[in-house]
There are 2 protein chains.
Amino acid sequence: MNVSKKRNITLKELAQELNLSISTVSRALNDHPDISIETKERVQKLAKQLHYAPNLFARGFRSHETYMLGVIVPNISHMFTSTILKGILEEAELRGYRVIISESKNSETKQIEMLRTMNQFGVDGILMSLARKTTRVDEVLNVLERVPIVLFDKVSSKVPCTQIVINEEEAAFNAVEHLIELGKQRIAIIKETENSYNSEKRYAGYLRALNHHGLPIRKKIIQSTEDISIANGRRLTNILLSLKKRPDAIFAITDNAAIGAIKALHKLNIKIPDEVAVVGFSNSVNSTIIQPALTTVDQPGDRIGRTAVKFLIDEIKNPKNEIVTKTVEIKTNLIVRDSSLGTN
Amino acid sequence: MNVSKKRNITLKELAQELNLSISTVSRALNDHPDISIETKERVQKLAKQLHYAPNLFARGFRSHETYMLGVIVPNISHMFTSTILKGILEEAELRGYRVIISESKNSETKQIEMLRTMNQFGVDGILMSLARKTTRVDEVLNVLERVPIVLFDKVSSKVPCTQIVINEEEAAFNAVEHLIELGKQRIAIIKETENSYNSEKRYAGYLRALNHHGLPIRKKIIQSTEDISIANGRRLTNILLSLKKRPDAIFAITDNAAIGAIKALHKLNIKIPDEVAVVGFSNSVNSTIIQPALTTVDQPGDRIGRTAVKFLIDEIKNPKNEIVTKTVEIKTNLIVRDSSLGTN
DNA sequence: CTGAAAGCGCTTACAG
DNA sequence: CTGAAAGCGCTTACAG
């Protein structure tokens, strides 16, 4: 069967069929007040019958509005990221925007490349979570001069734009305070080596909670790693457990690190939470699958995504003449489970 | 600071600056053989200096090639889906294509809507995993007449196009055979009620393995559910365990259902795998976090994604005049872990 | 109420 | 080797 691709029907074809001008057909379809009701009805009827669908490419090209948003994230298959993406897709769709997604793989070079192509494709705005160790912000600024950008999750104060984050510091403070209230005294932290925005803030919350409750800061139980994975959570926990004075609680700044911690504790038959309590960060699916279930900070990914889209579209619709660094904080909740308040 | 958005530089501006025609500038940048080396150098130098980036929208609009691929999946934050997406993004990028992603949320109406917008946006091709209970295939066919489509994962033989799947039947056969070889005799299955392609195939593999090894098919230990979740895996396992004659193994057609099964077994203190062995399907992250670690079928998501892109781009570049239903099977591996071959 | 025409930024057959 | 012109499908100020 020969199926050389059908072309989509165009305004021109509609116009010919109806003996009208292209302009009139265009206006009729857009419900322009100038056009008579009869004409509108004729046009719309035929358009429906012929399955006319406007070429958005042409329209966007004409009007400089493409109704496309670009999204750049370090890793699309990271659980938390994918819930944010879900929120972004939903909100964008609701408002009639399509979304182009790409991955920077935590490479700054790639990130800049993506930023440029997004711009070339004429997206109306860009949502971005920064690659780790983003330093050459000037390239980002360059694109920012051409198209609105909203940062989320991995943000940087060096980029003057709207930034959507969670209340990192406060969330960490609450998590650590929860442990303190349970009577824990030597609370270790597993964090990132690099000064990522998130790690820094969570660390700050940890320090503030200790200070606030008059607990000393002990260098030895502050552990860091480049790649905050299950394996490294495990490794660092083993280091913590080999200390003369073991911690009685571990606050890991990600669920994965916390799960690694639990695995390490299991291996040594250390009771959770009685001997060592564990708290994570993210409320990933894993946190309910691990035994005991993990106490963790719920990060509402879809809310972050939706909020980011809202602010971005707002900026698209109402271009500011001012560079504004606005930080929007999304609230989180501590979800207490057996790894800190266990009954077993 | 006033930052009214900068416009991108255009061919016209380059041409004016250089006292050349737009055509010449265009050709120089595209390295057209007609243009003299000196001119090319002049043009390219200025282009670089002024950070010229061609408007891909205009180019695509002109040439009817947009270098955009559309992707439609039921649920973007489903783990397996997100690894496929990763593969898609990587392969697409490698070949110079951008990717627009959207979610059908398992709604057929939404799926058709997305298909239409993708087409309107002028994507060069579409990658799609079908929504559950997709019945009105005619709308898909309608779009298929206009733009190449490649299906993956959730496919349907009713759509005559390239389909990328895993060796579902064989994988299930191997999984069940593995249980039989371990000496299991009453092997239950937890599958989907609806006749989804995947569930059907896995069920067929289950039946074939039993037949092949001379085991009877027992209706009572064949359980189905609409939504194959952790909760339902748990529920159905409880039903299985309440039978006079309990199964000695459970083959769940998804990891989530298998995890639910393990949770149910735990609750009743039933030994895994000695009393009841469990096998899942997907090799999700969860499968290594649950205790005992889950024996499961590894589905190479990124391979599926990459392969789908390859076939799609191939069709874009070499439009066929024939409707071809081609099924490409990606091989999987059974990953044996403690839930079937445990040492504890 | 309707139409002719310009133009969005690019490519490319045609002419010289 | 270079340029003028058409055209991709649409919208919209201008004219009538």
Side-chain angles (χ1 to χ4, degrees), chain A residues 5-44 46-47 50-68 117 119-124 146-147, chain B residues 5-44 46-47 50-68 117 119-124 146-147:
Chain A
K5 298 297 175 195
K6 268 192 210 164
R7 304 261 329 270
N8 283 313
I9 195 152
T10 65
L11 281 189
K12 197 174 172 186
E13 296 171 76
L14 287 180
Q16 268 161 359
E17 190 78 19
L18 292 161
N19 266 318
L20 284 170
S21 73
I22 295 177
S23 337
T24 303
V25 174
S26 170
R27 281 189 276 249
L29 290 172
N30 292 322
D31 209 21
H32 193 286
D34 271 4
I35 308 296
S36 74
I37 303 191
E38 301 86 62
T39 308
K40 277 185 190 166
E41 279 173 352
R42 276 182 66 214
V43 174
Q44 289 172 357
L46 186 70
L50 264 48
H51 292 106
Y52 169 75
N55 180 330
L56 300 180
F57 227 65
R59 179 186 286 174
F61 169 50
R62 172 71 225 274
S63 60
H64 280 286
E65 275 198 297
T66 59
Y67 287 91
M68 287 202 291
T117 354
N119 179 230
Q120 280 182 59
F121 259 105
V123 296
D124 291 345
R146 305 181 139 72
V147 53
Chain B
K5 298 297 174 194
K6 267 192 212 166
R7 304 261 329 269
N8 282 314
I9 195 152
T10 65
L11 282 189
K12 198 172 170 187
E13 297 170 76
L14 287 181
Q16 268 161 359
E17 189 79 18
L18 293 160
N19 265 319
L20 284 170
S21 73
I22 295 177
S23 337
T24 303
V25 174
S26 170
R27 281 189 277 250
L29 290 171
N30 292 321
D31 209 21
H32 193 285
D34 272 3
I35 307 295
S36 74
I37 302 191
E38 300 85 64
T39 308
K40 276 184 190 165
E41 279 172 352
R42 276 183 65 214
V43 173
Q44 291 172 357
L46 185 71
L50 264 48
H51 292 106
Y52 170 75
N55 179 329
L56 299 181
F57 227 65
R59 179 187 285 175
F61 170 50
R62 171 74 225 272
S63 61
H64 280 286
E65 274 199 298
T66 59
Y67 287 92
M68 287 202 291
T117 354
N119 179 231
Q120 282 181 57
F121 260 104
V123 296
D124 291 345
R146 306 182 139 71
V147 53

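Just so you know, these numbers come straight off a predicted model, no measurement behind them. In what follows, chains are A, B, ... by sequence order, proteins preceding strands, each numbered from 1.
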Check: Separation of A:Leu29 atom CG from D:dT12 atom C1', in whole Å?
Finding: 15 Å

Note to self: Test of understanding: with salt bridge (Lys or Arg N to Asp or Glu O under 4.0 Å), list the residues that count as partners of B:Glu17, not counting sequence neighbours.
What the structure shows: none

Notebook entry, point to check: Of the residues in residues 30-37 of chain B, which ones touch DNA chain D at a heavy-atom distance under 4.0 Å?
Noted result: B:Asp34, B:Ile35, B:Ser36

Margin query: B:Tyr67: which residues meet the ring pair (Phe, Tyr, Trp, His ring centres under 6.0 Å) condition with it, sequence neighbours left out?
Written below: B:Tyr97

Item checked: Integer-rounded Å distance: C:dA4 P and A:Leu11 CG -> 15 Å

Note to self: What is the separation between atom CD on B:Gln120 and atom C1' on D:dG9, rounded to the nearest whole Å?
What the structure shows: 13 Å

Check: Rounded to the Å, how far apart are A:Asn55 CG and C:dC8 C1'?
Finding: 13 Å

Check: Do the non-hydrogen side-chain atoms of A:Leu14 and A:Leu29 ever get within less than 4.5 Å of each other?
Finding: yes

Next item on the list: Could you tell me the separation between the OH atom of A:Tyr67 and the P atom of D:dC10, rounded to a whole number of Å?
Entry: 16 Å

Check: Which residues pass the salt bridge (Lys or Arg N to Asp or Glu O under 4.0 Å) test with A:Asp31, sequence neighbours left out?
Finding: A:Lys40

Notebook entry, point to check: What residues, two or more places apart in sequence or in another chain, satisfy side chain to side chain contact (heavy atoms under 4.5 Å, CB included) together with A:Thr66?
Noted result: A:Met68, A:Asp124, B:Phe57

Next item on the list: Please report, rounded to the nearest Å, how far the P atom of C:dA4 is from the CD atom of A:Gln16.
Entry: 13 Å

Checklist line | Side-chain N or O of B:Tyr52 closer than 4.0 Å to phosphate OP1/OP2 of C:dG9 | finding: no

Next item on the list: For A:Thr39, check side-chain hydrogen bond (donor to acceptor under 3.5 Å, both in side chains) against everything at least two apart and list the hits.
Entry: A:Ser36

Notebook entry, point to check: Of all the base pairs, Watson-Crick or G-U under 3.5 Å, which form stems of three or more consecutive pairs involving DNA chain C?
Noted result: C:1-3 with D:14-16, C:5-12 with D:5-12, C:14-16 with D:1-3

Item checked: Nearest-0.5 Å distance, CG of residue B:Leu11 to CG of residue B:Leu18 -> 11.0 Å

Next item on the list: In whole angstrom, give the distance that lies between atom CZ of A:Arg59 and atom C1' of C:dG9.
Entry: 19 Å

Margin query: Suppose we screen for side-chain hydrogen bond (donor to acceptor under 3.5 Å, both in side chains). Which residues come up paired with B:Glu13, at least two apart in sequence or across chains?
Written below: B:Thr10

Notebook entry, point to check: How close do B:Ile35 and B:Ala28 get, heavy atom to heavy atom, and via which atoms?
Noted result: CG1-N, 4.0 Å

Next item on the list: Could you pull out all residues at least two apart from B:Glu41 that satisfy side chain to side chain contact (heavy atoms under 4.5 Å, CB included)?
Entry: B:Ile37

Note to self: Under the rule for side-chain hydrogen bond (donor to acceptor under 3.5 Å, both in side chains), what residues qualify as partners of A:Asn55, not counting sequence neighbours?
What the structure shows: none

Margin query: Counting only heavy atoms and a strict 4.0 angstrom limit, can you tell me which residues of residues 18-27 of chain B come near DNA chain D?
Written below: B:Leu20, B:Ser21, B:Ser23, B:Thr24, B:Arg27

